[in-house]
There are 2 protein chains.
Amino acid sequence: MTAIKESSTRNFNKQISAISCPVTYVMNKIGGHWKPIILYHLSTGQKRYSELRRAIPEITEKMLIQHLKQLQEDNLVLRTAEPVVPPFVTYSLTPAGARLQPVLDAMALWGLDDMAKGNN
Amino acid sequence: MTAIKESSTRNFNKQISAISCPVTYVMNKIGGHWKPIILYHLSTGQKRYSELRRAIPEITEKMLIQHLKQLQEDNLVLRTAEPVVPPFVTYSLTPAGARLQPVLDAMALWGLDDMAKGNN
DNA sequence: ACAAGTACTTACCCCAAAGTATGTATCATG
DNA sequence: CATGATACATACTTTGGGGTAAGTACTTGT
């Protein structure tokens, strides 16, 4: 699981930043190139693993699962597996994940606005 | 600076993600451990370089300037230098930077809420 | 003469995030 | 009997973000 060197200034700073700064706390949860995109695709309804893969062709399987796992640990997405073969796994937003919607919307709004004017 | 290898899948993905996903676009601008904190300190009014340093003692000078530069390039903060000696430099938010306020607030709100309930 | 304050710059190193590539188990279908 | 689909796992390498430490140019205070 990408074992993190517990004794690194790097990680220590990350921790205290997350505790003292709620914005950084959010950043640690939805940061990274792929998480917002995954969250977006799940915001339109639950999806199977393979559906997500096809919806985001640029992402590698490793990255997809890795981030899905982290999002699960962070209690933002829910994994539901049907014990059948071939496997049938669906991912959906948890309530906490759904509550992120206004945040993502606010960000998207600002982003689009900023891209439009480029510089004010 | 930190010269970026232009031909890396890594950076390429970052670029296209930022173009196609406005949320990622925002993330690239205010991501990193220090940027939100710097932005927060500037949101309460313009500050001198040394004031910022004292306000955020954990940050190193290298990181401070590096991020201030990036924030300038991203048109979020404005640098004003009085041509005197000793140097007198103040940093303040640009209109675009100020417009970020509601976004940061939304994030902070969610963050605090999420920290409070931990898991729903 | 020397320390301290101003606002940086520069060289060097480490590490975690991201990418590449391949493997696994099970079943259905041609 | 081999290919494809499902949902992953895992070993290996690269690279960009971040940290450490030291230096620069100029002036004021002691």
Side-chain angles (χ1 to χ4, degrees), chain A residues 1-17 24 27-35 37-38 47-72 77 79-91, chain B residues 1-18 24 27-38 47-72 77 79-91:
Chain A
M1 296 217 170
T2 359
I4 307 162
K5 267 280 145 54
E6 58 310 298
S7 62
S8 67
T9 314
R10 184 95 147 251
N11 212 243
F12 178 72
N13 275 345
K14 215 168 175 176
Q15 309 284 20
I16 58 141
S17 295
T24 302
M27 222 69 94
N28 287 344
K29 298 214 161 195
I30 64 171
H33 309 318
W34 303 114
K35 282 186 192 157
I37 298 168
I38 295 172
K47 294 232 160 43
R48 293 187 62 173
Y49 171 78
S50 50
E51 288 183 292
L52 283 172
R53 269 195 48 203
R54 279 189 293 266
I56 317 168
E58 318 84 36
I59 201 174
T60 63
E61 297 197 60
K62 182 197 168 193
M63 285 294 110
L64 221 202
I65 313 186
Q66 190 174 298
H67 286 121
L68 282 171
K69 272 190 183 170
Q70 288 174 20
L71 290 168
Q72 281 176 76
V77 320
R79 193 189 104 115
T80 322
E82 241 73 40
V84 295
V85 66
F88 191 97
V89 181
T90 51
Y91 291 92
Chain B
M1 303 221 162
T2 358
I4 307 162
K5 268 278 147 54
E6 58 309 299
S7 62
S8 68
T9 313
R10 186 99 143 244
N11 211 243
F12 178 72
N13 274 345
K14 214 169 176 174
Q15 309 284 20
I16 57 141
S17 295
T24 302
M27 221 67 95
N28 287 343
K29 298 213 160 194
I30 64 171
H33 309 316
W34 303 114
K35 281 187 192 158
I37 298 168
I38 295 172
K47 295 229 159 43
R48 293 187 61 173
Y49 172 77
S50 51
E51 287 182 292
L52 282 172
R53 269 195 50 203
R54 280 189 293 267
I56 318 169
E58 317 86 36
I59 201 174
T60 62
E61 298 196 60
K62 180 198 169 192
M63 285 294 109
L64 221 204
I65 312 186
Q66 189 174 296
H67 285 122
L68 282 171
K69 273 189 184 171
Q70 287 175 20
L71 289 167
Q72 281 175 76
V77 319
R79 194 189 103 114
T80 323
E82 240 73 39
V84 296
V85 66
F88 191 96
V89 180
T90 50
Y91 291 91

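Every value quoted in this text rests on a predicted model; they were computed, and no experiment measured them. So that the names make sense, note that chain A is the first sequence line, chain B the second, and so on, each numbered from 1.
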Whole angstrom is fine here: how far is it from CG in B:L52 over to P in C:dC8?
-> 11 Å
Report, one line per pair, each donor and acceptor closer than 3.5 Å where one atom sits in a side chain of residues 47-56 of chain A; sequence neighbours left out.
| unit_1 | atom_1 | unit_2 | atom_2 | d |
| --- | --- | --- | --- | --- |
| A:K47 | NZ | A:H41 | O | 3.0 |
| A:K47 | NZ | A:T44 | OG1 | 3.0 |
| A:R48 | NH2 | A:P87 | O | 3.3 |
| A:Y49 | OH | A:E61 | OE1 | 3.1 |
| A:E51 | OE1 | A:R48 | N | 2.7 |

Contact class for B:K35 (heavy atom, under 4.0 Å): base, sugar-phosphate, or nothing?
-> nothing
Heavy atoms under 4.0 Å, any strand shown: does A:R53 hit a base, just sugar-phosphate, or nothing?
-> nothing
Are OP1 or OP2 of C:dA17 and a side-chain N or O of A:H67 less than 4.0 angstrom apart?
-> no
Among the candidates C:dT6, D:dT6, C:dT20, find the nucleotide nearest to the side-chain atoms of B:P87.
-> C:dT6
Scan for salt bridge (charged side-chain N to carboxylate O under 4.0 Å, His left out) pairs involving residues 79-90 of chain B, sequence neighbours excluded, and state none if there are none.
-> none
Separation of atom CZ in B:F12 from atom P in C:dG19, rounded to whole Å = 12 Å
Name the residue closer to the 5' end of DNA chain C, choosing between B:R48 and A:V85 according to the nucleotide with the nearest heavy atom.
-> B:R48
Distances for protein N or O near nucleotides 8-13 of chain D N or O, under 3.5 Å:
| unit_1 | atom_1 | unit_2 | atom_2 | d |
| --- | --- | --- | --- | --- |
| D:dC8 | OP1 | A:R79 | NH1 | 2.2 |
| D:dC8 | OP2 | A:R79 | NH1 | 3.1 |
| D:dC8 | OP2 | A:Y91 | OH | 2.9 |
| D:dC8 | N4 | A:E61 | OE1 | 2.9 |
| D:dC8 | N4 | A:E61 | OE2 | 3.2 |
| D:dA9 | OP2 | A:K69 | NZ | 2.8 |

In whole angstrom, give the distance that lies between atom CD of B:Q15 and atom C1' of D:dG16.
-> 13 Å
Specify the residue among B:K14 and B:E51 whose closest nucleotide of DNA chain C lies further upstream toward the 5′ end.
-> B:E51
